[in-house]
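What you are looking at is a predicted structure, and each value in this text was computed from that prediction instead of being measured.
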Amino acid sequence: MRDKKTEIFINSNPFETRVAITENGSLAELYVERPEGRKVTGNVYKGRVARVLPGMQSAFINVGLARTAFLHVSDIQETLDDVDEQAADKAPENVIDRTGGRGGRGGGRGRGRYKALRIQDILKDGQDIMVQVTKEPMGSKGARVSSYISLAGRYLVFMPSYDRVAVSRKISSEKERRRLKKIMQGMRPDGYGFIIRTVCEGASEEDLKTDMEYLVRLWKSIDSQKETAPTPSLLHEELDLSLRTARDKFSSSVKRLVLDREDEFEKVRNFTREVMPALQKRLELYEGAEGIFERYGIEIEIDAALDNKIWLRSGGFLIIDQMEALTAIDVNTGKYVGKKDSEHTIVKTNLEAVDVIVKNLRLRNIGGIIVIDFIDMAKAPDRDKVYNALREALKADGARTNILRISDLGIVEMTRKRLRNNLIQSLCKTCPTCDGVGFIKSEHTVMMDIYKALLRDFIGKRTPALYCSPLIAEKLKETPAILGDLEDRFGKKVSVIPVERFQQDRFEVV
C-alpha cells in the first residue's frame, strides 16, 4: 500500500482560521477557530469550587467561562499505576487522557488504580483550585477539567506531578525507545515527568533538552501565578490554531504546509525556525487570486460533509443522522444492483460503506454512541468480513473507539471518543423553524389547528382576528371552506392578517 500524501492548508482572515488536512488530495480533517469561540482545551485556570456533588462524585468549578466546568473525582485522585502513554500523540486535544470515558482515569490502554477517596473529603464549596481543560464545552455541557496539569511541547508532554518518563507506543523500535528514555531520565529535574511523543523519533539530545527547558520554564511561570492571581482567572492559554497545527500536525510525513496570509505565514515560520528548522523548506505562502480552499477543492468537500446523504461509488448511499448523544448511520444499496447474486451485492456495498463511514467519522468529528445499520447479511462469514474490515479501518483513526460485533440484524454498536464539537456544531446552528427536530407541521395540519382555535373563540362569542404566516393565509384563501364553515355556523367574519416574520406553524388568534 502506498504511503499517504499528507498536506496542510491554512485559510485565515481577521474573523476566522480554518485548517484543512488532506490525504491523497481528499479532505481528512477540518478545524475551525473564531475569536469568540477560541478553543479552551489545554488552558490552565485558577478556579473556585461552585458546588460539590457527592452523589455523582463530581464538582462544578467556576473558571470564568460561560458555564461552570465539570471535575470528576477520578481527575483529582492520586494514581497508583500507569497512564495512557499513547495519549501523548494527540496533545493538546487530549494532552493526557485522564477521563477514561465515563469515570476512570487512564482510559484506553492505561489502566489506573486509585485510592478510595471521596470528593467531599477532597473539595469544599468555595475552595480555590488550579485546573486544566481536557475537553471542550459542547452543547449544554460545560468544559471538563482535571487538576493534573499537562503541557505539550514539540517533542515532549510535561507532567509536573507524574515523576516518570514514558514513551509513546507508536515508536515501535525498542532500541529507539530505550535511547530516548535514557536521554530523558538522565536530564529531567527530580519530581517532574515527561512523555516522549511520536514525533520525537530520531530527535537529538539537544532537541529534547531545549523542549524540556521551555516546558519547565512555562510551568514555573504558571505555578508562580496561582497564589496571587484573582479567582477565577486564566493562568495559561494554549497556542492559537495555526501554531497548534504547526506543533502537533506538521512533521516529516507532511509534504507541505500552505498558508494564505503573510502575517500568519511569518508567525508559523518563526515558530518552526525555533522548534523544527528542518521543516521550514516545506512551508509555502499561497498568493493566488482564487481562495486557497477553492483552489484545492476543499470548499466543495466541506459543503458535502454537512449533508446527511453520502453517495457511494457503486450507487449505494449512506444516511447519517446526528443527535446529541447518538449518531445513526444507515447503509443502502440505492442504485446499485450488482452483477452476480444479491448476497454479493450486499456484501460489496457494506464493504464499500466501511471506508466511507470511517472517513466521515473522522472528518465530521462524530463522537459518542454510534449505531451503524448495515444491509442485512444472512451468512455469518459475510458479517465477520464486514466487521473485520471496519475494525481494521478504525485503527487509522486517531480517536479512541470501541466496537461490538455485528448483530444478526446487521447492526454495529460502537463508541468514539468525543474531544470537541462536531463539524455541524462548529459550522451550523439549529434551524429556528423546526428547532432542530428536522420537520414542521404541514399546511393542512396548521389549518386544522387554526380551525380548532377559532372554534373555541367563536363559542366564546368573540369576533376573532387571525395572525398567521403568508403561506397559511394563502392556503386558507385557496381553501375557503375551512373558515367558511365557522362563519356560516356563527355568523361572524374572521379577519386573516398575514405576518411576514411568522414561521409556517405559528399563528395567533386575538
Point to revise | Check against side-chain hydrogen bond (donor to acceptor under 3.5 Å, both in side chains), E33 and T17 | key: CA-CA 5 Å; E33 187 171 88; T17 298; 5.8 Å; no

Review point. Once you round to the nearest 0.5 Å, how far does CD of E238 lie from CD of Q132?
Key: 8.0 Å

Review point. Does R391 come within less than 4.0 Å of D384, counting only side-chain N to carboxylate O?
Key: no

Check your understanding: If you measure from the Lys or Arg side-chain nitrogens to the Asp or Glu carboxylate oxygens, is any gap between R313 and E352 under 4.0 Å?
Key -> no

Review point. Charged N to carboxylate O under 4.0 angstrom, R154 versus D248?
Key: no

Check your understanding: How about D260 and S12: do any of their side-chain heavy atoms sit closer than 4.5 Å?
Key -> yes

Review point. What's the verdict on side-chain hydrogen bond (donor to acceptor under 3.5 Å, both in side chains) for K249 and Y31, showing C-alpha distance, side-chain angles and the deciding distance?
Key: CA-CA 12 Å; K249 305 291 185 180; Y31 300 88; 3.3 Å; yes

Review point. Do E174 and K181 sit within salt-bridge range, that is, some charged N less than 4.0 Å from a carboxylate O?
Key: no

Check your understanding: Hey, are E23 and K5 close enough for a salt bridge, meaning a charged N less than 4.0 Å from a carboxylate O?
Key -> no

Point to revise | Residues E176, R178: salt bridge by 4.0 Å N-O rule | key: no

Review point. Under a 4.0 Å N-O cut-off, is there an ion pair linking R18 with E299?
Key: yes

Exercise for review: Tell me, with the steps shown, if T333 and T349 meet side-chain hydrogen bond (donor to acceptor under 3.5 Å, both in side chains).
Suggested key: CA-CA 6 Å; T333 52; T349 304; over 6 Å; no

Check your understanding: Of the non-hydrogen atoms in Y45 and V63, which two are nearest, and what is the gap between them?
Key -> CD2-O, 3.4 Å

Review point. Taking 4.0 angstrom as the limit, do K39 and D240 come out as a salt bridge?
Key: no

Study note, to complete from the structure: Tightest non-hydrogen contact, residues L208 and C200, listed as CD2-SG, 2.9 Å

Check your understanding: Are Y192 and F158 close enough that their ring centers fall under 6.0 Å?
Key -> yes

**Study point:** K359 versus S26, side-chain donor and acceptor atoms under 3.5 Å
**Key:** yes

Practice item. Nearest 0.5 Å please: distance from the CE atom of M130 over to the CD1 atom of I61. Key: 13.5 Å

Practice item. Could you walk me through whether Y296 and F9 pass ring pair (Phe, Tyr, Trp, His ring centres under 6.0 Å), step by step? Key: CA-CA 9 Å; Y296 293 101; F9 301 92; 4.5 Å; yes

